[in-house]
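First comes the structure, then the notes that go with it.
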Amino acid sequence: MTADASILLQDAVIDANTALPGGHYLLRLNAPDIAARALPGQFVHLRCGPQLPLRRPLSILRADARSGQVEVLYKAVGVGTRALTQQGAGEALSVLGPIGRPFAPDPTRPRVVAIGGGVGMPPVLFLAQTLRAAPWQPVLLLGSEVPFPFQPRPSTLLVDGMPADTIAALPLAEDWGIPSRLASGQGFAGCFEGHVTDLAGAYLSALDADALAQTQLVACGPTPMLRAAAALAARHGLPAQLCLEEHMACGVGGCAGCVVPLETPAGPAMARVCVDGPVFEAAAVYPDVFAAAG
């Protein structure tokens, strides 16, 4: 997947801004120019209200070039996102996007284990949607400690290696024919009891050497989850890409307020999450994890 480096400024029109379980909201925007270019892992930078000069970065959940719609899933956790919940259908939002380096899955490893935690779910859902056709074989694993922003249902798609009592799935993925499983520490029915990375570990440990040779890992979520995902990849000898979450100011690479340290072939470096990422190779983000795994 190759991103167009240009960033567009568009006055998008809100089609819907729907409250969902767990304090989540689904924002659907009519933004055809951005929808035509958006790729999984990229984000948009929104002006959430007329009194808020700083934009908020939100990952793209889905983009449809034919309808011109862009969807983002967000939680009302601060001044900006709370203001965004008050915006309704027909109102205009100033949007910068699509921004950032997207996922670039390795076509030689068609089995893609996609892990999403909390508000890190949208990028991996977007990626899974694009990998529905053969030869790709995505498996979607999602974790949340609040109610999921959808009504889980028992999966009809069997996945070898999954714990037998872990049957809760994402309905949309089921409709796509993509196996999915859910994890939580809150005792939600049918969910794996524990972290989503523990569920991923159980699944990967059940794969034989031939299956692992066909597998890669992608993940997006909070920092502890990403480090655990990197450790899984290192333990099983898998390539992995991580979509990082970081506070941003300008969102377009000018302020360097979202830099993270990386280990590159040329040595240590600092990278801007907004435009150099948000997707990075796991071994560059957590070189100590991969070194410890040997």
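In what follows, every heavy atom counts, from backbone to side chain, and hydrogens, waters and symmetry copies are set aside.
Tracing side-chain contacts under 4.5 Å through hydrophobic residues (I, L, V, M, F, W, Y), one never reaches Ile34 starting from Val252; they form parts of separate clusters. Hydrophobic clustering places Ile178 together with Phe103 (ILVMFWY residues linked when any side-chain heavy atoms are closer than 4.5 Å, directly or through intermediates). The hydrophobic clustering, which links ILVMFWY residues whose side-chain heavy atoms are closer than 4.5 Å, places Trp176 and Ile167 apart. Grouping the Ile, Leu, Val, Met, Phe, Trp and Tyr side chains by contacts below 4.5 angstrom, directly or via other members, places Leu125 apart from Val72. Clustering ILVMFWY residues whenever any of their side-chain heavy atoms sit less than 4.5 angstrom apart, transitively, puts Leu29 in a cluster other than the one holding Leu73.
Taking CG from Leu93 and CD from Gln87, the interatomic distance works out to 5.5 Å, rounded to the nearest 0.5 Å. To the nearest 0.5 Å, the span separating CG on Leu142 from CZ on Phe148 amounts to 6.5 Å. Interatomic distance, SG of Cys243 versus CZ of Arg101, reported as 10.5 Å (0.5 Å rounding). The line from OH of Tyr286 to CG of Leu226 is 5.0 Å long, rounded to the nearest 0.5 Å.
Salt-bridge check for Arg132 with Asp175: failed, with every basic side-chain N at 4.0 Å or more from each acidic carboxylate O. Contact check on Arg227 versus Asp288 returns a salt bridge, with a Lys/Arg side-chain nitrogen under 4.0 Å from an Asp/Glu carboxylate oxygen.
Hydrophobic cluster membership for Leu52: Val79 (Ile, Leu, Val, Met, Phe, Trp, Tyr linked by side-chain heavy atoms under 4.5 Å, directly or transitively).
Atom CD of Gln51 sits in a sparse spot, with 12 or fewer heavy atoms from other residues, nucleotides or ligands closer than 6.0 Å.
Ring pair Tyr25/Tyr74 is parallel by interplanar angle, where below 30° counts as parallel and above 60° as perpendicular. Note on ring orientation: taking the six-membered ring where Trp is involved, the planes of Phe43 and His45 are perpendicular (angle over 60°, cut-offs 30° and 60°).
Side-chain N/O atoms of Arg56 and Thr81 include no donor and acceptor closer than 3.5 Å.
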